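What follows is a set of notes on a single structure, which appears directly below.
Please read these numbers as outputs of a predicted model, since none were measured by experiment. Here is how names work: the chains are called A, B, and so on, in the same order as the sequence lines, proteins then strands, and each is numbered from 1.
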Amino acid sequence: MKKTSLIAYLRTKRVLFIICGICLIASTLFFAFAWSAGLVGGRTTTQTFLKDTPSTFPAGYRRAHGKGICFDGTFRASGKGVPFSVARVFAQQKVPAVGRFSLGSPDPYAPDNSTRTVSMALMLTADDGEQWRMKLNNEPFFATRDAKGFLKQMDAYKPTPATGTPDPARVKAFLKEYPEAKKYVTWDAAAPWTRSFAGAQYNVINSFILIAENGKKQAIRWSMRPHASFTSWSVSQRKQASHDFLFEDLKKRLQKGPLYWDLVVTLAESGDPVNDPSQVWPESRREIVAGTLEVSHVFDQANGGCRDINFDPTRVPKGITLSDDPVLLARAGIYSHSHNSRVREIGYGKATDAVGKRQNDNRKNK
Amino acid sequence: MARKKNIPSAPPTHFNTTARILHWLMAAMILAMIFVGLGMMTSLTWRPWLLDLHMPIGIAILLLVIIRFINRLSFSVPKMPASISNFQSTAAGTLHWLLYAMMLALPLTGWAQLSAGGFLVKLFPGINLPSILQQSPFLYALLHDAHRVMAWLLFLMVVGHLSAALLHAWAYRDGLFSSITWGKKMINRSEEHFKKSDSLRENCKK
């Protein structure tokens, strides 16, 4: 009798033990899920980069470079890229192009003289169906070696409410952690601002790898080098410039005829900092002109076209792959969240002037 | 504990080999895909690589679930152990069909959302699937949200399914778990079995 009750007792314990085990397994899975989703653990995720988007941000606009204009055109390959990459775009005579010129400010209503940063985004679709998406800036290099550095830079240069200027102690701490950013600060202080989208050179900044037919890999960066000459302006000229000066200038120039940029590919040599976008490669590196982009006309982004395109530079065609540049890799997720957020707003009808809908209560609507 | 010999009866004691292989293969794939998906949406570094995994594995799951579904309908399956209540049996059956529905719906919404967003469905470099939907912000948003919500639901269902299966394997020992494995079917027909289930139910209530 005693023995039976002991066994019965142990059996109750056994079931308890089993339930505990199963709970443990289930909660481990839940924890792994929550950590992976960025809900626990506090790791920096790609969502972190959008956390500062103000709640008053107008629906449907891009989270960065909000003010822009769509363009379409044609890319004509020179054939000089063919020995380096099997991508069709390097061989095809005429590749249709859709893209976007934009202002560096996140504010879609920013005046054109408020930032020195202008960008070109581009998507080339070759006749084999492969897409080459890219995002280029007129800055020659990235400020920091990695993506977290960008967040820290934003934080460090945020104006303090008391003075309206950045806190020098925080800036100093940032520059100590990311000393390469000093180069950017120096460049930013001295380099002339562009007075036209047409005369700006747009640089990819990040590194990529070309894959040739024989499998040979070649690390590259590229730029869109303008046929139009670079023009700048004095500080006083700039301050007096009209609100949409750069965009008006672009439209005016295109009325006279198309604008052209050469796709200049720079070939890295061994030892060049492929994985660090804050470091430029030596001037002497070999360059090839892989083709020429013709921008034939521009149209309002509210009408669609480039509006819903995610110009995620990690979406490259066969024959091009990504380098281990951490800033390039981080762009994928950040662009995706920005794209998802704004396309949701547009798709669910929350966007107003971002899609050309007039709304009277939008105080910023011009 | 004394092991009783398996007593053969008319319905099969195990799911057929195809079903068992597909079950465990897809279990691994689905669990991996959920974490690949989460990683894609959060990782600062791995998104391009994870995305290149997510698309071909997703399409593979779509093909496998079709085979699995046909297999499920074509062959008879083991009966639920007699000790299982009607409610449990219905709940388990519903969960199983919902799991099939999710396995079908997740790859399809993934494919469709990429189409609606103007993205390529890249299986391998240079090999893309055709678009199955016109480009549309509304459809993209809707499908993207549906894909996410269903992925979270699927994860809950998978954890529920696993917990229930382990409960049967370790506590009830009623042969339910072994019907999807290669193990000997173990049916505990002793008197203690019912006492155990009773105490188990009490524990569950606590």
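Heavy-atom distances place the side chain of B:L162, and not its backbone, under 4.5 Å from chain A. Within the 4.5 angstrom heavy-atom criterion, only side-chain atoms of A:T314, from C-beta onward, approach chain B. Neither the backbone nor the side chain of B:L50 comes within less than 4.5 Å of any heavy atom of chain A. Using a 4.5 Å cut-off between heavy atoms, A:I320 does not touch chain B at all. Contact of A:F17 with chain B is not made at all, since no heavy-atom distance falls under 4.5 Å. Proximity to chain B involves both the backbone and the side chain of A:L29, based on heavy atoms less than 4.5 angstrom apart. Contact annotation for A:R331: neither backbone nor side-chain heavy atoms come within less than 4.5 Å of a heavy atom of chain B.
Taking A:A32, A:G21, A:C23 one by one and counting their heavy-atom pairs under 4.5 Å with chain B, the maximum is reached by A:A32. Contacts with chain A were tallied for B:F35, B:F124, B:F155; B:F155 has the most, counting heavy-atom pairs under 4.5 Å. Counting heavy-atom pairs under 4.5 Å between each of A:A37, A:G38, A:P317 and chain B puts A:A37 at the top. Of the listed residues (B:L51, B:L120, B:L166, B:N128), the greatest number of heavy-atom pairs within a distance under 4.5 Å of chain A belongs to B:L120. Comparing A:M123, A:H339, A:R88, A:R342 by how many heavy-atom pairs each has under 4.5 Å with chain B, the most go to A:H339.
Counting only distance, with no hydrogens or angles, the side chain of B:H147 and the backbone of B:L106 share a donor-acceptor pair below 3.5 Å. Distance alone, capped at 3.5 Å, places no donor-acceptor pair between the A:R100 side chain and the A:L122 backbone. Here the side chain of A:E130 pairs no donor or acceptor atom with the backbone of A:V89 at under 3.5 angstrom. Here the side chain of A:S278 pairs no donor or acceptor atom with the backbone of A:F142 at under 3.5 angstrom. Without hydrogens or angle criteria, A:S323 side chain to A:S207 main chain gives a donor-acceptor distance under 3.5 Å.
Between B:D52 and B:K122, at least one side-chain N (NZ, or NE/NH1/NH2) sits under 4.0 Å from a carboxylate O, which counts as a salt bridge. For the pair A:K152 and A:D155, the salt-bridge criterion is not met [side-chain N within less than 4.0 Å of a carboxylate O]. Ion pairing of A:E345 with A:R63 is present here, as a side-chain N (NZ or NE/NH1/NH2) and a carboxylate O approach within less than 4.0 Å.
At least one side-chain heavy atom of B:L64 sits under 4.5 Å from a side-chain heavy atom of B:M29.
Note that A:R315 lies outside the cation-pi zone of A:W132, set by a 6.0 Å cut-off to the ring centre and a 45° limit from the axis.
For a heavy-atom cut-off of 4.5 Å, chain A lies close to B:P137, B:F138, B:Y140, B:A141, B:L142 in residues 131-142 of chain B.
Remark: B:N86 CG is loosely packed, at most 12 non-hydrogen atoms of other residues, nucleotides or ligands lying under 6.0 Å away.
Aromatic ring pairs are classed by plane angle as parallel below 30°, tilted from 30° to 60° and perpendicular above 60°; the pair B:H161 and B:H23 is tilted.
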